[in-house]
Each structure stands twice: as C-alpha cells, then as structure tokens.
Amino acid sequence: MSLVFNEKKMPSKTHTLMDFLAKKTNEGKIAVEEEHVEEIQPSKVKTSRGEEVKDIPLSYLISATYDGERGAVCLKLYNETEQKIYLWYDNTDYKPYCLSDLPPEEVKEVPGIINHPGFQRLEIVEKYDSLNYRGKLMTKIVAKDPLSIGGRIGNSIRDILPKAWEADIKFHENYVFDRRLKVGMPYKVEDSKLIPVEYELPDEVLRIIKSIFKDEPEEYVEYVIRWLSLLELKVPKISRLAVDIEVAGEVITRVPNPKEAKDPIVAVSLIGSDGLRKVILLKRKGVEEGVEDVDAEIEYFDSEKELILKVFNYLEKYPFILTFNGDDFDLPYLYYRARRLGVEVDKIPIERGRDSTLIKNGVHIDLYKFFFNKSIQVYAFGQKYRENTLDEIGDALLGMGKVDIEIPISELTYMELAKYCLRDSEIVYGLTSMNNDLVMKLILVLARITSTPVEDLTRQGISNWIRNMMLYEHRVRGWLIPRKEDLLAIKGKITTKAIIEGKKYRGGEVITPKPGVHFNVAVLDFQSMYPSIVRQYNISYETLNCNHQECRSNIVPGTTHWICTKDRGLTSLLIGSLKDVRVKWYKPRSKDKSLSSEVREWYNVVQSSLKVILNASYGVFGAENFALYCPTVAEAITSIGRYVITRTVEKAESLGVEVIYGDTDSLFLKSPTKSQIEALMNWAEKELGMELDIDRIYRYVVLSSRKKNYLGVYQDGTVDVKGLTGKKRHIPDFIKDAFMEMMKILGSVNSFEDFEKAKESIIELYKESYNRIKRGNVPIDKLAFKVMLSRSPEGYVKTTPQHVKAALLLKQKGIDVRAGDIISFVKVATDPGVKPIQLIRSTSEIDTDKYIEYLESTFEQVLDALDIDLISMAGSRSLWSFMPSKKQ
DNA sequence: GCGGACTGCTTACCT
DNA sequence: ACAGGTAAGCAGTCCGCG
C-alpha cells in the first residue's frame with residue numbers, strides 16, 4: 001500500500017458551485033447566491049446614547065445579537081474616534097429559516113408547519129450537497145421569529161419536520177454568514193444602509209504574494225489574498241472599562257447567589273483605558289476609614305441604589321466592559337440587586353441571557369471564559385497558568401499578586417476594601433493591556449478569521465470558532481451544511497484501532513527511545529505536521545471516500561479510506577491556505593528587523609492567532625461536539641502522520657543515520673552530517689510533499705527506555721526537560737529544587753569524560769537532599785504535593801485518591817473545596833496517609849520514608865539512563881544516613 | 001487475615 | 001467541551017495460603 005498522490009498530482013482547481021450545478025443538474029438558474037433584497041425601511045439605527053440616527057461613520061463590526069423586542073438582528077459597531085458603540089438594527093427584513101429536503105407541496109402536508117404560528121413562507125433554494133456530490137433542491141421554511149424554527153419548547157418547526165437542515169444555526173450567526181459580514185472589519189451606515197468599507201491590499205503586498213505563491217493554482221492564491229485582506233488591516237484601539245464588585249454578606253459563601261442578591265454591594269472598582277481609576281464605596285455604620293493608601297479616586301454613597309445607578313452610568317459610558325466572571329456574577333448581581341432596590345428594567349443597561357450577561361449598548365467581555373479556553377491557555381499563553389482564578393492568572397501573566405484579606409469583607413475598613421476591590425479590576429484591565437493590548441488584538445483577529453462575533457468568540461470554545469469559519473465557507477460556496485448524523489453515517493466508519501482503550505481511532509506514532517547518553521543530536525520535525533497533511537494530502541470530509549471510481553486506489557495508508565484526486569477539499573483549502581499565510585507571510589515578518597517594531601508586533605499577533613486555529617484544526621474533527629464531527633477525517637490525518645514519520649525513519653536509516661527517538665512529528669538523529677540532514681529534508685519534500693526542518697540541536701540527549709521522557713542539553717548549557725517527574729507541577733518544591741540542581745550539574749557536562757565528575761556531584765546532591773529529609777530539615781510547604789481536584793470531592797466514586805482524601809479533611813473543617821482547586825497536602829505516617837498542609841502542626845508528622853522514595857525515583861529516572869545505580873554509587877543507605885528511618 | 005500480582009483510576013505530561 | 005499516547009502512583013480486587 002502506498003500513497004500515490006503527491007503535490008503535483010493534486011487537482012489545481014475546485015469546481016465552483018456554478019460548475020457543479022451546470023454539470024450535475026439541469027437547473028438553469030441558481031437561487032442560492034442571491035443577496036437578500038435590501039428593503040429600506042424607516043431608519044432603525046440607534047447610537048449607544050439612545051438617539052436614533054441615520055448614518056454611522058466608519059466603525060468596526062464587533063458583534064451581532066438578536067433583539068427579541070424588535071424582532072431583528074442587532075449589529076454592534078465600534079467607532080474608534082468617538083470611542084463608542086453604534087447599534088444597527090437589520091432593516092432588510094432578514095428572516096430565520098431552516099431547510100427541508102421535501103418539496104414544498106409535501107412540506108405543506110406536514111401537520112403543524114404552515115399553520116405554525118411562526119410560519120411565514122416557503123421558498124425553493126438550490127444547494128450543492130457535498131455528501132452526495134450533486135446539486136439539490138431544498139425547501140426553505142421561513143419563519144417570523146427564531147424561536148419558531150428552533151425554540152426549545154418542542155413544537156418548533158425543526159422538531160416537527162421529519163428532517164431539518166441548517167436548523168441549529170443561531171439567527172444572528174445565519175445573518176453574518178448569509179450577508180457575508182466580515183466581523184472585525186470596517187463598515188459604515190448611510191441612509192440606514194449597512195455598507196462595507198472595503199480594505200484594499202497594497203499593490204506591493206499583492207505583488208509579493210503572487211510571487212510567493214506563483215506555483216499555486218489561482219483559486220489557492222485567491223484564498224491567500226482573502227486572508228490577507230482580513231489580517232493586514234490593524235484593529236482599532238479598544239476603549240474599555242474593567243469592573244469588579246464586592247458584596248458583603250453575613251454568611252460567607254464563596255460566591256453569593258446573584259439571583260437572590262440579598263446582600264448589599266459595598267464596593268465597585270473601575271479601571272478605564274482612559275486612565276480612570278476609581279472605587280465607589282457604600283457608606284455603612286461602624287466601618288472605619290482605615291489607613292491604607294489607595295491609588296484611586298474614592299467616591300462614597302449613602303444609598304446603595306444611587307451607587308448602582310452611578311455604576312450603570314459608567315457602564316454606559318464605555319464601549320467595552322471587561323469583567324472576570326461578570327457573566328455569572330458581577331453583572332447579574334448588579335442587575336438583580338438593582339431590581340430589588342426598585343430600579344426599572346429599562347434603566348438597567350444589563351441584559352440577562354441564557355449563558356451570558358451582556359451590556360445593552362456595549363460589548364461585554366468576560367475574561368474568565370476567554371482565559372479558561374484551553375486553546376488560549378496552551379497556545380497563546382504557553383500554559384503559564386493552570387488554575388482559572390483571577391489571582392493565579394494575574395500572578396502568572398502579570399506578576400500581580402492578590403491583596404490578602406483574612407477577615408470577611410464586611411469587617412474591612414473602607415481603605416482595605418477599596419484596595420482589595422481595586423486590585424481585581426487592575427488585574428482584569430492588566431490582562432488586556434499587557435504586551436500592547438495583546439489580548440484585545442487576539443480577540444479581534446480570531447473573530448476576523450473565524451467570522452465569529454466578539455461576544456460569542458470570548459464565550460465559546462475553539463470548536464465553535466472553527467465551525468463558524470467552515471459554515472461561512474459553506475454559505476460562500478452555496479453548499480448545504482451536512483447534518484451531523486448524515487456526515488457520520490456516510491463518512492464515519494473508522495478503520496483503525498486506538499492504543500488507548502476507549503479512544504476512537506489511532507493517533508500519533510511514538511518511536512521507542514534508545515536508552516543512553518547521545519552526543520550531538522539533531523531534532524528534525526515536520527512543522528505543523530497535521531495542517532500540512534491536510535493541505536498536501538487534500539483532506540476534507542468530502543474528499544474522503546469520494547464518489548469517483550478512479551480515486552479508490554488513492555488509499556490512506558493503514559486504512560481502507562481513499563482520498564479524492566480530482567477536486568480540492570474545502571478543509572484542505574481553508575486550513576492549507578491559513579497555514580501558508582502563517583508560515584510564509586506572518587511568521588517571517590514577525591521577526592523581520594527591517595520592519596518597524598509596531599508592524600512586527602502586529603504580525604506576531606496574527607501569527608499567534610493563526611497558530612491557535614491551526615493547532616486545533618485536526619482535533620475538532622475527532623470531537624463529538626464539533627458541528628462537522630468526522631472521526632475518519634481525524635483518522636486519515638493521523639494515519640498519514642504515522643506513514644510520514646515511519647517512512648522518514650526508514651529513509652534516515654538507509655542514509656546511515658541512527659534515529660534514537662521520535663514522537664509524532666519529530667525525529668532525534670544521532671550525530672548526523674550536514675549532508676545527511678539535507679538529503680533527508682530533500683527526500684521528505686520530494687517524496688512526501690512535507691517540509692522537514694531542523695528544530696533544535698543538542699550537545700547531548702539523555703534517554704531512558706521511557707517514551708515522552710528525555711533531557712536535552714543545548715550547546716550553551718540550557719537544559720530541556722520533557723516529561724520527567726522532576727518537572728511535574730504537582731511534586732513538592734523540595735524535590736523539584738533538588739531535580740533542578742541536578743539539571744544544573746548536567747548542563748555543565750561538555751564531553752563524555754565530564755560525566756564522571758557530574759556523577760559524583762549528583763550523588764553528593766542526592767545524599768544531601770536525603771539527609772535533609774531524614775533530619776526533618778525541610779520546611780513543610782516545600783514538601784507539599786499540589787494536585788488539582790478535577791471534580792467536587794463527592795464526584796470521586798470509584799476510588800479516593802490522596803488529594804481527594806486531603807480535600808475531604810479540609811471539608812470536615814468547614815473549608816470550601818470545589819472542582820478546579822489545587823489541593824496542597826503532605827504525606828504523613830498516621831491514618832489516611834495524607835494531611836492538607838493547612839492542618840499540619842509540626843514536621844514530626846511527616847512520613848519521611850515516602851519522601852525518600854519520591855526523591856529516589858525522581859533521581860533514578862535520569863540516572864538509570866546515565867547508567868548510574870543510585871544505591872550502589874551512594875553506598876548502602878545506613879552508611880550515610882544520620883537519622884535512622886522510622887521503620888528500622 | 002495477609003500480601004503480592006494485577007487491573008483500573010487519576011493526574012500530568014508530550015506532540 | 002480540539003485529539004490520542006505515555007508514565008507514575010495509588011486504590012481496590014483477586015487469589016493463594018492447609
């Protein structure tokens with residue numbers, strides 16, 4: 001079995017919808033692409049100040065929502081000069097709809113459709129059915145309101161229809177897709193009409209692009225240009241306000257219930273991008289002023305209602321409002337508290353949604369949700385933070401610690417309270433202002449790439465972003481969006497077996513490491529391997545197992561799937577062009593010193609955003625929740641990945657290079673010559689169509705027989721540690737510190753001869769650490785294991801791991817523990833074997849033997865690869881132990 | 001009733 | 001609420017043991 005396709009055999013052009021329809025149906029007229037007729041109605045344009053206007057100057061499209069009262073889509077546009085949000089209500093009479101494969105006559109026969117209270121009309125539309133490779137007439141059922149299509153009551157049109165297409169797309173999303181709106185790009189409104197302000201790429205850029213991609217088909221270059229037209233234009237400076245509230249209750253619960261809102265709001269802090277620093281405090285009996293110096297303007301209110309109205313005033317003044325968990329706490333609390341104090345609903349600028357809380361005439365960004373997003377955590381911030389508390393993220397990203405308070409909020413002095421409250425807003429604002437507003441830019445760039453409104457983007461996961469990007473593309477092409485179950489039934493037969501039980505398909509290949517110390521190691525890797533595979537091997541749900549007889553021999557190795565050799569796949573084109581735009585344009589230019597630092601920085605934002613999308617583009621196809629879930633697509637990608645790496649290993653060996661390790665997309669080569677590396681890279685390019693790069697060169701690498709565990713030392717002595725216990729975050733600092741010391745010693749090793757000295761130093765280090773533990777000479781907090789509680793303690797029903805035991809002990813003491821908390825505990829000799837660090841009274845409780853075991857195994861992971869036997873080298877334990885162990 | 005061999009659960013990592 | 005693959009430690013169970 002072999003892959004017969006390579007780059008040169010790839011189809012150069014995807015047939016347009018027009019081609020397909022002309023070829024495969026006899027319909028002469030195509031209704032799909034028709035723009036919605038703009039019926040100009042009396043102006044429905046409103047500014048954020050509430051007055052109606054007819055025109056909106058150049059402003060950036062930020063968000064789209066649905067206004068139930070007006071029954072229309074509402075667009076939020078941001079004007080940079082005036083620093084305000086303009087609202088524009090759809091006046092084209094755009095209506096919600098879904099599709100049926102039944103002809104109109106039959107739809108009329110379905111009970112409950114045409115007499116549905118929300119029913120408006122039927123239309124015939126022609127779509128391209130990408131699962132069955134033909135044009136298809138569909139009946140469009142148009143409704144008066146979105147709930148009639150997809151309400152949750154059960155008698156919505158999509159539930160009544162035997163089969164409904166495109167019925168799970170929110171009304172405002174449909175609007176963005178169908179109107180081809182470019183989120184994050186400039187628009188203006190003239191005579192109540194929304195007009196895009198086209199951004200033209202400079203000729204110079206066009207010229208360079210055309211030369212970089214001169215060998216690519218025209219259609220491919222069009223995609224590249226499309227991305228650049230979205231990404232070359234910088235985003236506006238976002239004027240914003242960070243808000244945080246404090247509530248004082250008698251009972252201390254972790255988060256007061258906002259729906260009850262029974263305790264008063266005693267402090268609100270505000271930090272604005274215009275320099276505003278303010279804390280608003282509620283005057284209460286018996287509260288002292290306090291002595292702290294607070295770097296903010298302080299305003300007192302005697303009436304809580306007045307205080308809240310003042311806050312509302314600020315919320316309306318700024319176009320963007322930032323909070324941390326404001327969706328579930330701060331904003332709803334303000335809302336319900338205001339209601340409780342008798343504020344009229346229309347005086348409250350806050351809008352409660354099902355899973356969000358928005359600002360009526362502004363844009364609310366809840367940073368909790370955005371920073372919680374795994375893709376953002378991992379790819380944008382390199383896993384610098386692991387907990388999702390404001391303190392932790394602020395500490396990790398800004399070095400801003402929390403203001404410690406040890407007494408309930410109600411007992412703080414005004415100044416203590418102000419300081420405490422202010423800090424949270426400082427962190428929230430700081431998170432968006434660091435690195436020249438990186439986060440704000442990231443949000444807008446991601447919104448542009450994925451056609452996702454900002455208010456959705458900051459609340460949804462990456463699978464939704466990629467979904468939006470792909471649905472938009474379906475609409476552009478006039479493709480019917482496949483129903484999830486049809487996609488799975490037609491394309492979803494998996495043919496590989498996962499190694500891990502319970503997983504759906506086989507993943508990446510890990511090459512068994514050759515244990516020992518290897519000098520002069522080059523690590524080669526396939527840069528963004530999976531996106532490259534998608535691009536080069538034409539991966540897409542519709543190219544997988546296509547309908548052409550002649551493509552059936554184009555087998556994906558290790559599977560029974562074949563890939564189309566005739567038509568370029570939609571996913572392949574989207575992901576492929578995005579990858580190229582990143583690798584060939586934004587990444588090099590983000591480092592190009594001939595460009596201004598401002599431009600470089602912008603290019604860096606764009607390339608990071610692209611990285612976020614690209615890195616997730618494979619995974620989403622294997623995720624059940626993804627709207628275009630297609631595990632066979634994921635399976636094809638990993639299968640080709642294994643094929644690529646395996647063939648490359650064979651080739652390397654045939655070139656006489658020893659491959660000592662490799663994981664998924666990387667190869668560790670032992671002392672290769674320049675020409676061997678070059679030969680391998682050329683071969684990969686030519687035979688596999690894949691770019692192989694030199695990722696890093698190590699002076700030496702220490703391998704054990706364990707996969708995903710190694711230690712690499714660079715020429716300059718820097719040490720890379722991968723997977724070893726000594727670097728895992730949950731292990732005690734004492735052990736981590738000792739491990740790092742060992743790394744320092746290894747970093748100084750230059751030659752094989754140096755190892756002898758290093759071995760001695762390491763043994764000395766080990767002995768010293770051993771004795772410190774035995775003598776009880778280690779501070780307790782350095783002995784704490786810190787393990788994340790992934791569910792609430794009651795959620796562990798099968799086993800009770802140690803950190804859960806510790807958590808339960810905390811709970812017994814009345815300390816609140818919940819999912820996401822990191823439990824600090826030490827190992828003790830008495831009953832359950834563990835004790836939370838808060839409950840430890842003296843070092844004598846510590847189970848020293850357990851710590852010795854841990855120390856030993858941490859060191860052994862490195863030392864057994866160096867062929868050092870810890871016990872024999874260090875001599876028998878009792879000889880150099882100053883304290884007898886407890887069991888002896 | 002105890003202990004070793006084994007399996008399964010859980011977390012944290014790698015790409 | 002993007003994937004699968006790997007290591008490690010512990011919890012819990014099975015089984016033999018006159």
Side-chain angles (χ1 to χ4, degrees), chain A residues 355 369 372-379 383 386 459-467 494 496-513 523 525-531 575 612-631 633-639 641-642 645 661-668 695 704-710 712 720-731 785-791 795-805 822-823 827 832-834 850 853-854 856-858 860-861:
Chain A
D355 34 35
K369 287 191 176 153
F372 190 78
N373 189 308
K374 211 184 124 200
S375 294
I376 295 301
Q377 248 171 74
V378 175
Y379 299 116
Q383 275 187 311
R386 356 212 64 232
R459 288 171 176 78
Q460 298 173 346
I462 189 133
S463 65
N464 260 308
W465 307 351
I466 295 180
R467 160 200 184 255
I494 291 166
T496 59
K497 193 177 175 303
I499 288 174
I500 305 172
E501 205 183 335
K503 299 288 184 186
K504 289 163 291 200
Y505 58 89
R506 190 85 177 262
E509 183 76 17
V510 188
I511 296 158
T512 309
V523 181
D525 73 349
F526 291 99
Q527 284 261 336
S528 34
M529 183 196 232
Y530 288 170
I575 300 301
V612 169
I613 303 289
L614 290 168
N615 274 321
S617 64
Y618 137 77
V620 292
F621 284 101
E624 277 104 335
N625 300 332
F626 183 49
L628 297 170
Y629 171 55
C630 192
V633 162
E635 179 187 37
I637 296 169
T638 58
S639 298
R642 292 192 302 277
I645 200 79
Y661 179 58
D663 187 350
T664 311
D665 59 1
S666 67
L667 292 172
F668 287 52
D695 188 51
S704 67
S705 57
R706 301 168 189 88
K707 294 169 171 179
K708 297 184 190 283
N709 269 257
Y710 64 84
D720 261 353
V721 180
K722 298 289 176 184
L724 302 179
T725 304
K727 92 172 255 194
K728 297 205 174 178
R729 310 231 178 188
H730 72 281
I731 70 156
F785 287 85
K786 286 167 255 168
V787 180
M788 161 103 66
L789 202 60
S790 69
R791 4 186 158 129
Y796 294 84
V797 282
K798 287 171 178 149
T799 57
T800 312
Q802 295 193 322
H803 66 295
V804 180
K805 284 179 181 159
I822 292 199
I823 307 294
K827 308 218 180 198
V834 292
K850 275 273 178 260
E853 270 177 43
Y854 239 95
E856 196 178 300
S857 73
T858 305
E860 263 178 354
Q861 269 191 358

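In what follows, every heavy atom counts, from backbone to side chain, and hydrogens, waters and symmetry copies are set aside. Lettering of chains follows the sequences in order, A, B, ..., and the numbering in each one begins at 1. This structure is a prediction, so every number in the text was calculated from the model and none was measured.
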- Task: Respond yes when some side-chain nitrogen or oxygen of A:Lys708 is under 4.0 Å from OP1 or OP2 of B:dC14, and no when none is.
- Result: no
- Task: Calculate the interatomic distance between A:Arg791 atom CZ and C:dA1 atom P; express it in whole Å.
- Result: 16 Å
- Message: Taking the side chain as everything from C-beta on, heavy atoms only, tell me whether A:Thr799 gets closer than 4.5 Å to A:Val804.
- Response: no
- Message: Mind checking if A:Tyr796 touches a base, just sugar-phosphate, or nothing, with heavy atoms under 4.0 Å?
- Response: sugar-phosphate
- Check the distance between C:dA3's P and A:Gln377's CD and give it to me in whole angstrom. 15 Å
- Task: Using a heavy-atom cut-off of under 4.0 Å over every strand shown, decide if A:Asn709 touches base, sugar-phosphate, or nothing.
- Result: sugar-phosphate
- Query: Would you say a side-chain N or O of A:Arg706 is under 4.0 Å from OP1 or OP2 of C:dA8?
  - Reply: yes
- So, is A:Ser790 near the phosphate of B:dT11, with a side-chain N or O under 4.0 Å from OP1 or OP2? yes
- Message: Need one value for A:Tyr854: base, sugar-phosphate or nothing, where a base atom within 4.0 Å counts as base even if backbone is also close, heavy atoms only.
- Response: sugar-phosphate
- Spacing of CG belonging to A:Asp665 relative to OH belonging to A:Tyr530, to within rounding of 0.5 Å: 7.5 Å
- Note on the structure: CG (A:Asp663) and OH (A:Tyr710) are apart, to the nearest 0.5 Å, by 8.0 Å
- Under 4.0 Å between a side-chain N/O of A:Lys707 and OP1 or OP2 of C:dT6, yes or no? yes
- Under-4.0 Å side-chain N/O to phosphate OP1/OP2 contact, A:Lys728 with C:dG9: no
- Message: Can you tell me if A:Gln802 touches the phosphate of B:dT10, counting only side-chain N or O atoms and a distance under 4.0 Å to OP1 or OP2?
- Response: no
- Message: Over all strands shown, is A:Lys827 touching base, sugar-phosphate only, or nothing at heavy-atom distances under 4.0 angstrom?
- Response: sugar-phosphate
- Message: Mind checking if A:Ile500 touches a base, just sugar-phosphate, or nothing, with heavy atoms under 4.0 Å?
- Response: base
- Given DNA chain C, 5'-ward residue of the pair A:Thr799 and A:Thr638, judged by closest heavy atom: A:Thr638
- Do A:Ser790 and A:Tyr796 touch side chain to side chain, with heavy atoms closer than 4.5 Å? yes
- Answer yes or no: does a side-chain N or O of A:Tyr661 lie under 4.0 Å from OP1 or OP2 of B:dT15? no
- Between A:Tyr530 (OH) and C:dG5 (C1'), how many Å, whole number? 10 Å
- Give a yes/no answer on whether the side chain of A:His803 brings an N or O atom under 4.0 Å of OP1 or OP2 in B:dT10. no
